[in-house]
Protein chains: 2
Amino acid sequence: MKNNNDILSRAEENYLKEIFHLSGKEKDKVSTNALAERLDTKASSITDMLQKLKAKKLVAYQKYKGCSLTGSGEKVALHIIRKHRLWETFLVNKLSFGWDEVHAVAEELEHIRSKKLIDSIDQFLGFPKFDPHGDPIPDKDGNINYQESKIKLSDTSVKSIVEVVSVNEDSLALLKYLDEIGLRLGSEIEIYSRVPYDESIQVSIDCGDSISLSKKVTENIGVRFKSKMTNK
Amino acid sequence: MKNNNDILSRAEENYLKEIFHLSGKEKDKVSTNALAERLDTKASSITDMLQKLKAKKLVAYQKYKGCSLTGSGEKVALHIIRKHRLWETFLVNKLSFGWDEVHAVAEELEHIRSKKLIDSIDQFLGFPKFDPHGDPIPDKDGNINYQESKIKLSDTSVKSIVEVVSVNEDSLALLKYLDEIGLRLGSEIEIYSRVPYDESIQVSIDCGDSISLSKKVTENIGVRFKSKMTNK
DNA sequence: ATTTATTTTTAGGCTTGTCTAAATATTTAA
DNA sequence: TTAAATATTTAGACAAGCCTAAAAATAAAT
């Protein structure tokens with residue numbers, strides 16, 4: 001049960017992290033092009049790196065067939081994600097950063113190598129379970145509490161009332177926009193109607209005015225079902 | 001007065017920092033070999049990098065004549081040192097790290113690029129003036145309070161009583177040893193005698209038993225004069 | 001003032017992680 | 001089921017930052 005514990009480069013860590021994110025809960029194979037887009041590199045670079053990561057037994061990879069993480073690859077990925085999310089929580093809870101300001105910095109901090117440091121931060125924060133965007137934080141052994149019954153806002157049915165539990169942090173512009181319209185973690189959203197043509201929905205946020213949200217927005221918001229709207 | 005604000009690599013930042021440390025308060029020229037030893041690389045690598053840093057106007061350098069920092073080079077160096085020392089202070093004051101555990105981690109943290117982050121940490125710590133090893137922390141404008149009348153323990157005269165105000169953090173082994181013999185920041189040291197042959201000195205620490213300290217140790221400890229010993 | 005020793009620089013190479021362009025698989029569509 | 005489109009891989013190149021070995025400059029010693 002020996003871990004191939006060579007020290008990994010930043011690039012290698014980022015590849016593993018993105019493979020984890022892209023393969024999702026269903027552990028799908030991840031395609032070269034999908035990785036290239038997320039990592040903002042060319043497909044040929046992806047191929048090179050996958051061969052390297054395969055040699056280190058961190059990913060399973062076959063030519064033309066996509067890749068997935070091995071056990072130890074997933075362990076590394078979860079550790080990076082743990083660090084990323086703990087640092088974000090630190091920035092927001094202790095240093096009063098806005099939720100739209102933390103992602104870029106956490107992308108750097110997640111590569112700091114001290115185990116003692118991140119475990120101390122975890123303790124300092126009181127062992128938080130979720131980060132400021134509502135995503136679950138893996139514990140020191142890599143266990144992650146996937147949130148029960150979380151769905152995308154884009155997948156909800158009309159006349160529902162839901163609670164916002166997570167937001168995709170990748171787009172700074174999105175986070176700023178949500179801030180502007182007053183949509184935050186815990187907000188209550190009532191879905192009035194859906195326009196089939198563009199899949200935009202008409203909603204109110206925390207009982208505010210009715211507002212339209214595009215598909216592009218709603219597919220990046222995670223919610224939990226609360227109740228159906230009462231007809232009055 | 002425009003700053004050549006290309007983003008610098010980690011390596012470049014480390015070179016600038018070491019040039020700053022080696023050139024000292026007197027702003028001496030720094031030799032290629034001295035840098036090579038501190039940075040644990042070969043002299044030829046130093047030459048390469050100095051040419052690059054010269055092109056970026058961060059160091060003044062002439063073949064065979066050593067180098068020194070330019071104004072903007074020094075500014076960068078001070079900013080790295082500020083970050084290093086603030087992170088060390090954070091680790092010790094907020095996360096209960098030992099003073100011998102913080103250096104390695106701070107070597108990584110000092111390269112995190114967010115200005116807002118480090119200024120927030122500064123505020124979070126209450127704008128400390130000195131780090132856990134007694135070294136002064138540059139403020140956000142790069143001003144540094146060199147400690148008044150600090151000298152090396154190796155340069156003290158016998159029959160003096162001095163207070164420890166700083167310790168060279170570079171050697172982990174030294175910090176562990178000092179911890180062992182109970183020498184810490186603020187300790188009071190009485191110097192009984194000096195052996196001319198090896199320049200070791202005989203001292204007591206905080207009124208404890210007499211102990212011998214080698215030159216190698218005493219030249220890495222900064223002290224401030226308190227008083228002469230009373231003859232009784 | 002030469003010779004010897006030391007320091008520094010040059011020249012050429014290696015690895016990592018990227019790129020472009022061309023070749024090859026796979027998938028989709030006719 | 002063959003042709004067109006798309007996805008992926010290979011081949012060759014490049015910059016950064018390091019290396020070794022050899023050449024050149026400086027410093028030390030006779």
Side-chain angles (χ1 to χ4, degrees), chain A residues 4-20 22-24 28-69 73 76-77 80 107-108 110-111 113, chain B residues 4-19 22-23 28-69 73 76-77 80 107-108 110-111 113:
Chain A
N4 188 340
N5 260 339
D6 285 345
I7 289 169
L8 299 180
S9 71
R10 228 153 242 258
E12 290 170 320
E13 291 187 342
N14 284 333
Y15 274 74
L16 294 175
K17 184 181 58 161
E18 286 309 334
I19 294 169
F20 182 91
L22 286 172
S23 65
D28 305 314
K29 291 276 174 192
V30 175
S31 78
T32 300
N33 263 7
L35 267 174
E37 189 181 347
R38 288 281 306 178
L39 290 169
D40 202 27
T41 61
K42 296 299 153 110
S44 55
S45 308
I46 303 291
T47 302
D48 286 351
M49 183 61 96
L50 289 181
Q51 283 163 352
K52 195 168 142 194
L53 292 174
K54 180 182 181 177
K56 294 191 178 190
K57 299 192 200 299
L58 294 165
V59 306
Y61 166 65
Q62 289 182 89
K63 273 187 177 190
Y64 297 102
K65 303 287 183 182
C67 67
S68 59
L69 295 175
V76 173
I80 305 298
E107 289 283 315
E108 292 191 58
E110 72 189 5
H111 299 289
R113 288 175 201 295
Chain B
N4 188 339
N5 260 340
D6 283 347
I7 289 168
L8 299 180
S9 70
R10 226 154 244 257
E12 289 170 319
E13 290 187 343
N14 285 331
Y15 274 74
L16 294 175
K17 184 181 59 163
E18 286 309 334
I19 294 168
L22 287 172
S23 65
D28 304 314
K29 291 275 175 193
V30 175
S31 79
T32 300
N33 264 6
L35 267 175
E37 190 181 346
R38 289 280 306 179
L39 290 169
D40 202 28
T41 59
K42 295 300 152 103
S44 53
S45 307
I46 303 291
T47 303
D48 286 352
M49 183 61 97
L50 288 180
Q51 283 164 350
K52 195 168 143 193
L53 292 173
K54 180 182 181 178
K56 294 191 178 190
K57 297 192 201 300
L58 294 165
V59 306
Y61 166 64
Q62 289 182 91
K63 273 186 176 190
Y64 297 102
K65 302 289 183 179
C67 68
S68 60
L69 295 175
V76 173
I80 305 298
E107 289 283 313
E108 292 190 58
E110 73 189 5
H111 298 289
R113 288 175 201 293

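Sequence lines set the chain letters: A, B, ... in the order given, protein chains first and strands last, and positions in each chain run from 1. On a predicted model such as this, the values are computed, not experimentally measured, just so you know. Atom set for the values below is all heavy atoms of this structure, side chains included, hydrogens, waters and symmetry mates excluded.
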Inset, instruction - Taking the side chain as every heavy atom from C-beta outward, state whether Leu69(A) and Val76(A) have any pair of such atoms under 4.5 Å apart. - result: no
Legend entry - Flag, side chain of Lys29(A) to backbone of Gly66(A), donor-acceptor distance under 3.5 Å: no
Output a table of donor-acceptor pairs, distance under 3.5 Å, between side-chain atoms of residues 38-46 of chain A and any protein atom two or more places apart or on a different chain; print 'none' if there are none.
{"from": "Arg38(A)", "atom 1": "NE", "to": "Glu18(A)", "atom 2": "OE1", "distance (Å)": "3.0"}
{"from": "Arg38(A)", "atom 1": "NH1", "to": "Asp170(A)", "atom 2": "OD2", "distance (Å)": "2.8"}
{"from": "Arg38(A)", "atom 1": "NH2", "to": "Glu18(A)", "atom 2": "OE1", "distance (Å)": "2.9"}
{"from": "Arg38(A)", "atom 1": "NH2", "to": "Glu18(A)", "atom 2": "OE2", "distance (Å)": "3.3"}
{"from": "Arg38(A)", "atom 1": "NH2", "to": "Asp170(A)", "atom 2": "OD2", "distance (Å)": "3.4"}

Inset, instruction - Grab the NZ-C1' distance between Lys56(A) and dT15(C) for me, whole Å please. - result: 12 Å
Inset, instruction - Rounded off to whole Å, could you give me the CG-to-P distance for the Leu35(B) and dC18(D) pair? - result: 12 Å
Inset, instruction - Check the distance between dT8(C)'s C1' and Asn33(B)'s CG and give it to me in whole angstrom. - result: 7 Å
Inset, instruction - Answer whether the closest heavy-atom distance between the side chains of Val30(B) and Val59(B) falls below 4.5 Å. - result: no
Inset, instruction - Can you establish whether the number of heavy atoms outside Glu37(B) located under 6.0 Å from its atom CD is more than 12? - result: no
Legend entry - Separation of dT8(C) P from Glu37(B) CD (nearest whole Å): 12 Å
Inset, instruction - Round to the nearest Å and state the distance from Ile46(B) atom CD1 to dA16(D) atom P. - result: 17 Å
Inset, instruction - Looking at every strand, decide which applies to Thr32(B) at a 4.0 Å heavy-atom threshold: base, sugar-phosphate, or nothing. - result: sugar-phosphate
Inset, instruction - Nearest whole angstrom, please: distance from the P of dC14(C) to the CG of Asp48(B). - result: 16 Å
Inset, instruction - Verify, without hydrogens or angle tests, whether Glu108(B) (side chain) and Arg113(A) (backbone) share a donor-acceptor contact under 3.5 angstrom. - result: yes
Inset, instruction - Calculate the interatomic distance between Arg10(B) atom CZ and dC18(D) atom P; express it in whole Å. - result: 13 Å
Inset, instruction - For Gln51(A), report the nucleic acid contact type (base, sugar-phosphate, nothing); a contact means any heavy atom under 4.0 Å. - result: sugar-phosphate
Legend entry - Per-nucleotide protein contact string for nucleotides 21-28 of chain C (B base, S sugar-phosphate only, - none; heavy atom under 4.0 Å): ---BSS--
Inset, instruction - May I ask you to verify if any side-chain N or O of Thr47(A) is less than 4.0 angstrom from the OP1 or OP2 atom of dT9(D)? - result: yes
Inset, instruction - Please examine the side chains of Met49(A) and Leu35(A), heavy atoms only from C-beta on, and report whether any two atoms are closer than 4.5 Å. - result: no
Legend entry - Gln62(A) CD - dT9(D) P separation (whole Å): 11 Å
Legend entry - Thr41(A) vs Tyr61(B), nearer the 5' end of DNA chain C by closest nucleotide: Tyr61(B)
